[in-house]
2 protein chains.
Amino acid sequence: MSPTTPTPASAKREQLLDTAWSLFCRNGYRAVGIDTVLAEAGVAKMTLYNHFSSKEDLIAAAMEKKGAETLAGLDRLIAAGRSPQKRLLAVFDWLAGWLESDNFTGCAFLKAVGEYTAAGDKPRQAATAFKQAMQDRIETLCREAGLKSPALLARQLILVIDGATLHADMHANPGYAADARAIAKALIEAAAG
Amino acid sequence: MSPTTPTPASAKREQLLDTAWSLFCRNGYRAVGIDTVLAEAGVAKMTLYNHFSSKEDLIAAAMEKKGAETLAGLDRLIAAGRSPQKRLLAVFDWLAGWLESDNFTGCAFLKAVGEYTAAGDKPRQAATAFKQAMQDRIETLCREAGLKSPALLARQLILVIDGATLHADMHANPGYAADARAIAKALIEAAAG
DNA sequence: CGGAAAATAGACAGACCGGTATATTTTATT
DNA sequence: AATAAAATATACCGGTCTGTCTATTTTCCG
C-alpha cells in the first residue's frame, strides 16, 4: 500500500538473482565465486545468505526466475501468431532472435546439466524442469495445430532447438537458428500430411 | 625382471589421460580436482606435471586422444555400410549404441564448451576441433550420397546428434537417439529427391 | 652391472572457496 | 520520533585448489 515501495519482494534479492544469472551464464557456475557475484551486485554477503541457504540455492532460484520470464516472453510471441502453424513456428523466430542477440552466451540451463551431474543437484533439477515446461508448451502447440504424434514431434523440436543453441554458442555463429528452423518446417510439413 | 610390455609412449601418461577423461566426463571439469585424478590413476603429482603443463593441458590432451579414438571407431562403423545412404545412417546407429551404453554420462566435449567459455581456452578449442572433424566427416558422407546441399545437411545432422546427446543425458533416457534418427531419415529423404 | 631416465612421496606455497559470527548502520513503518 | 527489519562491513574458519620443490626410489637399457 505504500506508494514508495516499488517491489514487495526485496530489491536486493532480485539484484542478486539477475547479476548471478548473467555471471554464471557468461562464465559457468563453478568458475564464478560468490564474492564475484556480491561485488558486481553491490550486495553484502550476509544479505545473500539471508535470502538463500547456499550457492546452489541461489543458482536454482535464478534459474527459476529466468525460466519463468523466458516462458512468459515466449508465450507473448506465440500468442501473436495467427494460425496454429504460425504459432508453432514463432518458437523458432524467438530462437533466432535470441541467438542473434549481442549478449547471447549460450544456454545456462544446458550448462547447469553439464556442471551438476548428480540427479539430486538443485541446478540440474531446475534445468530439467524448465526444459520440460518448454517441451510441454511445444507439444500443446503441435496438438493445437492438429499435427500427427505431437509428443514425438515436440521431443524432436526441442532437441533441434537445444542443438542449435549449443552450436551457435560453440562456434559463435547464430546461423544455426536458420538451420533449426528449416528442420522444423520439414518435420511440421511431414506431420501435417 | 622386465615384465611384459614396455610401451614406447609412457604408460603412466596414457593411464592419466584415461582416468582423467572418465572422471571429468562423469563429474565435470572444475568439479574434479587434480588430486582425485592422481589417486584414481595411481600416479604421482610430479609425473602429471612432467607430462602436462597444467590441468587444462591434461584436459585438452585427453580430449584429443578420446576424440581420435572416437572418430576411428566411427570410421570403422561407417566403412561397414554398403550403400552411401547406409553409411550415413550408420552414424545414427553409432549414436544409439553410445546413448544406450551403461557408462553413458553425456558428451564431455559439449561440457567443455559450457565450462570453458573463453575463446582461447584449450579445452574449448579441443571441443570445437572435434565437433568440426565430426561435421566434416558427415558432410563427406552427404556428398558421397549425392544429397543436395551437403554442407547445410551436415550442419543440421550434427545439430540433431548433439541435441539428442544432451537430452539423453539430461533426462537419463536413451530414447532420443531414435528421435534423432527419425529426423535424419526425413532430412535425408528430402535431400535425396 | 651401472648409469640415465622416469616415477615416487610428501611437504609446502599462495590463493581462493563457501559459509559463519558479530557488531553496526541504514531503511521503512507506525 | 521510536522501533523493528533489512542490509552492511569485516574478520574469520576450515577446507580445497593448482602448482612447485626437494630428495629418494624405481625402472629401463646398453
Side-chain angles (χ1 to χ4, degrees), chain A residues 1-21 23-24 27-63 112 115-118 120-124, chain B residues 1-21 23-24 27-63 112 115-118 120-124:
Chain A
M1 291 307 168
S2 50
T4 48
T5 48
T7 50
S10 166
K12 291 287 178 182
R13 194 188 127 103
E14 301 301 305
Q15 178 78 26
L16 228 28
L17 289 174
D18 291 343
T19 52
W21 176 264
L23 278 172
F24 290 141
N27 303 108
Y29 295 97
R30 298 196 137 98
V32 175
I34 286 290
D35 294 333
T36 305
V37 177
L38 294 173
E40 178 133 331
V43 168
K45 189 178 267 194
M46 281 312 298
T47 304
L48 191 164
Y49 284 100
N50 207 346
H51 285 294
F52 309 98
S53 67
S54 68
K55 180 186 183 181
E56 291 197 10
D57 236 52
L58 168 69
I59 292 172
M63 293 173 76
E115 286 208 55
Y116 296 95
T117 60
D121 291 340
K122 286 186 188 176
R124 168 177 270 255
Chain B
M1 287 295 199
S2 63
T4 49
T5 1
T7 44
S10 168
K12 292 286 178 182
R13 196 187 126 105
E14 302 300 305
Q15 178 79 27
L16 228 28
L17 290 174
D18 290 343
T19 54
W21 176 263
L23 278 172
F24 290 141
N27 303 108
Y29 294 98
R30 298 196 136 99
V32 175
I34 285 290
D35 294 334
T36 305
V37 177
L38 261 19
E40 178 134 331
V43 168
K45 190 178 266 192
M46 280 313 297
T47 303
L48 192 164
Y49 284 101
N50 206 347
H51 285 294
F52 309 98
S53 67
S54 68
K55 181 187 182 180
E56 291 196 11
D57 236 50
L58 168 69
I59 292 172
M63 292 172 77
E115 286 208 55
Y116 296 94
T117 60
D121 290 339
K122 286 185 188 175
R124 169 176 268 257

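The chains referred to below are lettered A, B, ... by the order of the sequence lines, with proteins before strands, and numbering in each begins at 1.
Within residues 53-62 of chain A, the residues approached by DNA chain C to less than 4.0 Å at the level of any non-hydrogen atom are A/S54, A/K55, in residue-number order. For DNA chain D, the residues of residues 29-38 of chain B within the heavy-atom distance limit of 4.0 Å (strictly under) are B/V32, B/G33, B/I34, B/D35, sorted by number.
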Tabulate atom names and distances for all N/O pairs under 3.5 angstrom spanning the protein and nucleotides 21-27 of chain C.
none

Atom pairs under 3.5 Å, N or O on each side, protein against nucleotides 4-7 of chain C: can you list them with distances?
{"from": "C/dA7", "atom 1": "OP1", "to": "B/S10", "atom 2": "OG", "distance (Å)": "2.8"}
{"from": "C/dA7", "atom 1": "OP2", "to": "B/H51", "atom 2": "NE2", "distance (Å)": "3.1"}

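Scanning all heavy atoms of the two residues, the minimum distance from B/A60 to B/P123 falls at CB-N, 4.5 Å. Contact between A/L58 and A/A20 at its shortest, heavy atoms only, is CD2-CB, 4.0 Å. A/V32 approaches A/G28 most closely through the heavy-atom pair CG2-O, 3.4 Å. For the pair B/E115 and A/E115, the tightest heavy-atom approach, listed with the atom from each and the gap, is CG-CG, 3.7 Å.
The local environment of NZ in B/K55 is crowded, with over 12 non-hydrogen atoms from other residues, nucleotides or ligands closer than 6.0 Å.
The list of ring-ring contact (aromatic ring centres under 6.0 Å, His included) pairs with a residue in residues 32-62 of chain B, not counting sequence neighbours, is empty.
Taking 4.5 Å as the limit, every side-chain heavy atom of B/L16 sits out of range of all side-chain heavy atoms of B/K12. Taking the side chain as every heavy atom from C-beta outward, B/K122 and B/I59 never approach each other to under 4.5 Å.
Protein atom OH of A/Y49 is 16 Å distant from nucleotide atom C1' of D/dT10, rounded to whole Å. Taking atom CZ of residue A/F52 and atom P of nucleotide C/dG18, one finds them 15 Å apart after rounding to whole Å. A/L48 places its CG atom 14 Å from the C1' atom of C/dC17, with the value rounded to the nearest Å.
Annotation: ring-ring contact (aromatic ring centres under 6.0 Å, His included) contacts of A/Y29 (sequence neighbours excluded): A/F24, A/Y116.
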